[in-house]
> 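Sending over a structure as structure tokens; questions will come in a sec.
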Amino acid sequence: MVNLGATEEIIKMAKENNGTVTTAMVAAAGFSRGNIKYLVDKGVIEKSARGVYILPEILGDEIFNLQNRFKRGIYSHETALFLWDLTDRTPNRYHMTFPVDYNLTKPKKENIQCAQCKKELYSLGIAEVTTPGGNTVRTYGAERTLCDILRPHSRVDIQIVVEAFKRYTIRSDRNIPILSEYAEMLKVEIRLRSYLEVLL
């Protein structure tokens, strides 16, 4: 049985949560899932991923939608540079890093550029950032990202790397001690030093 009061509450929950509501949130609020189906059938909300529903105006935020579908994917490399405003280039493919045991078949089908790393490095430097669409996603912080793009297998264009370091070194929130610590862990300290000596 559809409860119109409940459907209004569900829409309110979505609005307060950047346009997104999940079945878990609806159940926790004590409403039946039938209310979600009713709202989907009416076109008030749309299904974004399993158990995740969004208001239609959110549809344009692909960065947010992809992370809702691949919750263990952390935005990295050039996509992270874009999210931290360390490059002007809008990614034509989104780059995500997954744990080493994650099956990449589905994200690759979505044209995501996938990287994998071992458990102890996967969670290193995870941060939250706001997408251009105004939603929050998980990405690697600026310091971790700068170290990642220096790693030999990242194959990031040298011009993008130079530009990213130039932008980072003039930022007021730069954190060189953390950057150096991550560089050591990711074994890129010699390459990092050559950039910082020129720019600092």
Side-chain angles (χ1 to χ4, degrees), residues 14 17-28 33 36 45-54 58-87 89-157 160-161 164 178-179 181-189 191-192:
N17 191 41
N18 284 325
T20 306
V21 67
T22 64
T23 14
M25 286 163 66
V26 171
R33 290 175 183 205
I36 294 180
I45 58 175
E46 299 184 19
K47 188 173 180 172
S48 157
R50 189 160 163 244
V52 181
Y53 298 86
I54 54 178
I58 286 265
L59 268 181
D61 196 343
E62 199 186 353
I63 297 177
F64 179 69
N65 292 340
L66 281 173
Q67 195 166 66
N68 261 327
R69 294 177 62 186
F70 304 111
K71 289 196 167 36
R72 299 191 65 198
I74 309 294
Y75 283 110
S76 61
H77 298 80
E78 286 163 76
T79 306
L81 291 179
F82 169 73
L83 290 168
W84 292 114
D85 197 26
L86 293 170
T87 180
R89 299 193 197 190
T90 306
N92 51 6
R93 281 179 77 191
Y94 295 113
H95 208 135
M96 281 182 154
T97 295
F98 294 89
V100 77
D101 57 356
Y102 189 90
N103 181 341
L104 298 177
T105 314
K106 284 184 178 164
K108 280 184 172 169
K109 267 191 191 150
E110 293 292 331
N111 201 25
I112 293 170
Q113 215 166 334
C114 302
Q116 284 179 300
C117 66
K118 43 189 192 218
K119 208 172 169 186
E120 60 272 22
L121 294 178
Y122 169 72
S123 54
L124 180 73
I126 293 177
E128 288 192 333
V129 70
T130 305
T131 69
N135 296 293
T136 303
V137 291
R138 287 180 318 143
T139 178
Y140 287 118
E143 290 77 15
R144 161 74 193 255
T145 301
L146 289 170
C147 292
D148 274 340
I149 63 172
L150 291 179
R151 297 176 86 185
H153 58 69
S154 79
R155 294 192 289 279
V156 174
D157 185 315
I160 294 176
V161 176
I178 288 281
L179 183 62
E181 187 187 314
Y182 288 173
E184 206 173 307
M185 294 170 85
L186 295 162
K187 302 186 175 32
V188 290
E189 62 268 51
R191 295 190 72 188
L192 173 68

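Bear in mind that the values here come from a model prediction, so they are computed numbers and not experimental data.
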> Just verifying a value: how many Å separate Thr79 OG1 and Ile74 CD1, rounded to the nearest 0.5 Å?
12.5 Å
> Which residues pass the side chain to side chain donor-acceptor pair (under 3.5 Å) test with Arg138, sequence neighbours left out?
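Arg138: no side chain to side chain donor-acceptor pair (under 3.5 Å) contacts found.
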> Quick one: OG1 on Thr97 to CG on Asp148, what's the gap to the nearest 0.5 Å?
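Rounded to the nearest 0.5 Å, the OG1-CG separation comes to 6.0 Å.
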> Write out all pairs satisfying ring-ring contact (aromatic ring centres under 6.0 Å, His included) with one or both partners inside residues 67-87, taking only residues at least two apart or from two chains.
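The answer is His77-His95.
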> Below 4.5 Å, heavy atoms only, C-beta onward: do Tyr102 and Pro107 meet side chain to side chain?
yes
> In Å, rounded to the nearest 0.5 Å, how long is the span from CG of Asn68 to OG of Ser48?
5.0 Å
> Distance check, rounded to the nearest 0.5 Å: Asn17 atom CG versus Thr136 atom OG1?
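Spacing of CG (Asn17) from OG1 (Thr136) equals 9.0 Å.
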> So, using side chain to side chain donor-acceptor pair (under 3.5 Å) as the criterion, who are the partners of Thr105 when residues are at least two apart?
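Partners of Thr105 by the side chain to side chain donor-acceptor pair (under 3.5 Å) criterion, ordered by chain and then number, come out as Asn103.
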> Provide the closest heavy-atom pair for Ala142 versus Leu86 in the form atom of the first, atom of the second, distance.
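Reported closest heavy-atom pair: CB-CD1, 4.0 Å.
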> Give the C-alpha distance, both sets of side-chain angles, the deciding distance and a yes or no for side chain to side chain contact (heavy atoms under 4.5 Å, CB included) between Ile54 and Asp61.
CA-CA 11 Å; Ile54 54 178; Asp61 196 343; over 6 Å; no
> Considering all heavy atoms of both residues, which atom of Leu121 and which atom of Met185 are nearest to each other, and what is their separation?
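Taking every non-hydrogen atom into account, CD2-O, 4.4 Å.
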> Flag the pair Lys71 / Val52 as yes when at least one side-chain heavy-atom distance between them is below 4.5 Å, and no otherwise.
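A side-chain contact under 4.5 Å exists here.
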> Quick one: pull up CG in Asn111 and CG in Asn92 and give me the separation to the nearest 0.5 Å.
8.5 Å
> Identify which one of Asn135, Thr139, Leu83 satisfies the side chain to side chain contact (heavy atoms under 4.5 Å, CB included) criterion when paired with Ile63.
Leu83
> Measure from the side-chain N and O atoms of Tyr53 to the backbone N and O of Ala14, and report whether any donor-acceptor pair falls under 3.5 Å.
no
> Any idea which heavy atoms bring Leu179 and Leu146 closest together, and the distance?
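Minimum heavy-atom separation between Leu179 and Leu146: CD1-CB, 4.0 Å.
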> Could you list all the salt bridge (charged side-chain N to carboxylate O under 4.0 Å, His left out) pairs where at least one residue sits in residues 100-112, not counting sequence neighbours?
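Residue pairs passing salt bridge (charged side-chain N to carboxylate O under 4.0 Å, His left out), neighbours aside: Arg69-Glu110.
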> More than 12 heavy atoms of other residues, nucleotides or ligands under 6.0 Å from CD of Glu184: yes or no?
no
> Identify the two heavy atoms, one from Pro99 and one from Gln116, that lie closest to each other, and give their separation to 0.1 Å.
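In this case the closest contact between Pro99 and Gln116 is O-NE2, 3.3 Å.
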> Glu78: what forms a side chain to side chain donor-acceptor pair (under 3.5 Å) with it, not counting sequence neighbours?
none
> Determine whether a donor-acceptor pair (N or O, by modelled atom type, separation under 3.5 Å) exists between the side chain of Arg144 and the backbone of Leu124.
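Flag set: sc Arg144 to bb Leu124 pair under 3.5 Å.
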> Is it true that a side-chain atom of Glu128 and a backbone atom of Val137 form a donor plus acceptor pair closer than 3.5 Å?
no
> Rounded to the nearest 0.5 Å, what separation is found between the OH atom of Tyr140 and the CD1 atom of Ile126?
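Interatomic distance, Tyr140 OH to Ile126 CD1, rounded to 0.5 Å: 5.0 Å.
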> Is it the case that atom CZ in Arg50 sees more than 12 heavy atoms from other parts of the structure closer than 6.0 Å?
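No, CZ of Arg50 has 12 or fewer neighbouring heavy atoms, counting only those of other groups under 6.0 Å.
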> Taking atom NZ of Lys119 as the centre, report whether more than 12 heavy atoms of other residues, nucleotides or ligands fall under 6.0 Å from it.
no
> Of all the heavy-atom pairs spanning Tyr122 and Arg72, show the shortest one and how long it is.
OH-O, 2.5 Å
> What residues, two or more places apart in sequence or in another chain, satisfy side chain to side chain donor-acceptor pair (under 3.5 Å) together with Glu189?
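Not a single residue meets the side chain to side chain donor-acceptor pair (under 3.5 Å) criterion with Glu189.
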> Take Tyr94 and Met96, measure what side chain to side chain contact (heavy atoms under 4.5 Å, CB included) needs, and give me the verdict at the end.
CA-CA 7 Å; Tyr94 295 113; Met96 281 182 154; 5.6 Å; no
